[in-house]
K.L.:
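I am attaching a structure below and will ask some questions about it afterwards.
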2 protein chains.
Amino acid sequence: MQWRELGDQPCSFSRTLAVIGDRWSLMILRDCFMKVRRFDEFHDRLGIGRPILTDRLKKLVDNFVLTKVAYQQHPIRHEYRLTQKGLDLYPVVMAIVHWGDVHMADRKGRPLLHHHLTCGHDFDPVLACSECRAEVGPREVTIRPGPGARNAVHLPPAAAPAAPRRRRVKAA
Amino acid sequence: MQWRELGDQPCSFSRTLAVIGDRWSLMILRDCFMKVRRFDEFHDRLGIGRPILTDRLKKLVDNFVLTKVAYQQHPIRHEYRLTQKGLDLYPVVMAIVHWGDVHMADRKGRPLLHHHLTCGHDFDPVLACSECRAEVGPREVTIRPGPGARNAVHLPPAAAPAAPRRRRVKAA
DNA sequence: CACGACAGTTGTGAAATAGAACCCTGGCCG
DNA sequence: CGGCCAGGGTTCTATTTCACAACTGTCGTG
């Protein structure tokens, strides 16, 4: 399977990866949330090759995650800003950062602290249920096909009992 | 910058990407959360080349995201299971899925629904503050260096006022 | 009018990938 | 007891993508 086929799957995860699922797109987005906006600034901070940066920025703009805004005429210069669609990636970025904080920090601790202006505390991002606000873990969730399901390929065995695990151990 | 250098940066985001930041690792993880465990099952569902699958599974095992468990002797066969470190990636996966649900679903709607067993409702994952439980958006958060910071490279201009944006428009 | 800032484009060689084919272990089947 | 099958890989090659360096072009300024 190639990159471009990913976006055609009936799976929100694949479709998202088709847009932001490569190393540089995600690094660019991280910087976007840190108020980085200009080509050279991305280039300097990321240590990325210019052609790749051009390509990724273009893809993100084409997918409406970023938008190009002129910040001056003479010569015309643009900066890249997050759209609402891009801003909505904040939970993804925060979840990734938090996992790194917990599992990949060195002895000295996490490189950054996040401060919640609304409540005034340093905080960790938590995955919560939109209905009951409790923290949600993988064990407390089941999935079933939604209106956009096209087939059962992406459902787990538990939700698709028609395809039981055929193990060839002793029985069967 | 190459892949392997990513993990050395003083940035939780980069370090996380060094472990899970490629297309196939993330797709494998998605399937892990859907109870997929075996080599051939990953292979069939993902449409991935066997050599790449071998490589990615090995990397995930080396990074303690997955662990290899024998499920039978004679011949010995293993399955891949999420470790706690791997299970902790649930918020990342859910955040990605949710973004896809909101922004990449086709007319028919989202392919999967998530049901929270604890409260009994279908739900959306929400990024909440660990301290006040309110939903958190990018505008309500500031960041500052933590104990593991090595330099200011990864801080935004707002948090590193020593490096003001030098724009060369009219003034300056 | 040379120089520097910004924002790219064009090359070229090095690395990663896709896809098919092959290998190994050990049951099971006739 | 020879062949076949399943599971889980490894080897091989052609293609794609990437990294890195150099070059282009527009202005504005000294």
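A note on names: the letters A, B, ... follow the listed sequences, proteins ahead of strands, and every chain is numbered from 1. Heavy-atom basis, side chains included; hydrogens, waters and symmetry copies ignored.
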K.L.:
If each of Pro75(A) and Arg56(A) is mapped to the nucleotide of DNA chain D with the nearest heavy atom, which maps nearer the 5' terminus, i.e. the 5' end?
P.N.:
Arg56(A)
K.L.:
In whole Å, I'd like the distance from the CD atom of Glu79(A) to the P atom of dC6(C).
P.N.:
13 Å
K.L.:
Using a heavy-atom cut-off of 4.0 Å across all strands, would you classify Phe42(A) as base, sugar-phosphate, or nothing?
P.N.:
nothing
K.L.:
In whole angstroms, how far is the P atom of dA7(C) from the CD atom of Gln73(A)?
P.N.:
13 Å
K.L.:
Rounded to the nearest angstrom, tell me the gap between atom CG in Asp22(B) and atom P in dA15(C).
P.N.:
18 Å
K.L.:
Please check the phosphate of dG8(C) (OP1 and OP2 only) for any side-chain N or O of Tyr80(A) closer than 4.0 Å.
P.N.:
yes
K.L.:
Rounded to whole angstrom units, what separation is found between the NE2 atom of His43(A) and the P atom of dC6(C)?
P.N.:
13 Å
K.L.:
Hey, is Arg77(B) close enough to Glu79(B) for a salt bridge, meaning N to O under 4.0 Å?
P.N.:
no
K.L.:
Map Ile76(A) and Pro51(A) onto DNA chain C by nearest heavy atom, then report which one ends up closer to the 5' terminus.
P.N.:
Ile76(A)
K.L.:
Begin from the C-alpha positions of Arg50(A) and Asp40(A) and carry the test side chain to side chain contact (heavy atoms under 4.5 Å, CB included) through to its verdict.
P.N.:
CA-CA 9 Å; Arg50(A) 287 173 163 277; Asp40(A) 273 22; 3.1 Å; yes
K.L.:
Whole-Å distance between dT10(D) C1' and Leu53(B) CG?
P.N.:
13 Å
K.L.:
Is there a side-chain contact between Trp24(B) and the phosphate of dT17(C), meaning an N or O under 4.0 Å from OP1 or OP2?
P.N.:
no
K.L.:
Which part of the nucleic acid, if any, lies within reach of His78(A) when heavy atoms closer than 4.0 Å are counted: base, sugar-phosphate only, or nothing?
P.N.:
sugar-phosphate
K.L.:
Expressed in angstrom and rounded to an integer, what is the separation of Arg37(A) atom CZ from dC6(C) atom P?
P.N.:
16 Å
K.L.:
Would you verify whether the NZ or CZ of Arg38(A) falls within 45 degrees of the ring axis of Tyr71(A) while also being under 6.0 Å from that six-membered ring's centre?
P.N.:
yes
K.L.:
Can you tell me if Lys68(A) touches the phosphate of dG8(C), counting only side-chain N or O atoms and a distance under 4.0 Å to OP1 or OP2?
P.N.:
yes
K.L.:
Less than 3.5 Å apart, any donor N or O on the side chain of His114(B) or Asp122(B) sitting next to an acceptor on the other?
P.N.:
no
K.L.:
Restricting to non-hydrogen atoms, name the atom on Ser14(A) and the atom on Arg30(B) that form the minimum distance, rounded to 0.1 Å.
P.N.:
OG-NH1, 3.3 Å
K.L.:
Whole-Å distance between dG8(C) C1' and Phe39(A) CZ?
P.N.:
6 Å
K.L.:
Using whole Å, report how far NZ of Lys58(B) lies from P of dG8(D).
P.N.:
18 Å
K.L.:
With hydrogens left out and only the distance checked, is there a donor-acceptor pair under 3.5 Å joining Arg50(A)'s side chain and the base of dG8(C)?
P.N.:
yes
K.L.:
Is there a side-chain contact between Arg23(A) and the phosphate of dT17(D), meaning an N or O under 4.0 Å from OP1 or OP2?
P.N.:
no
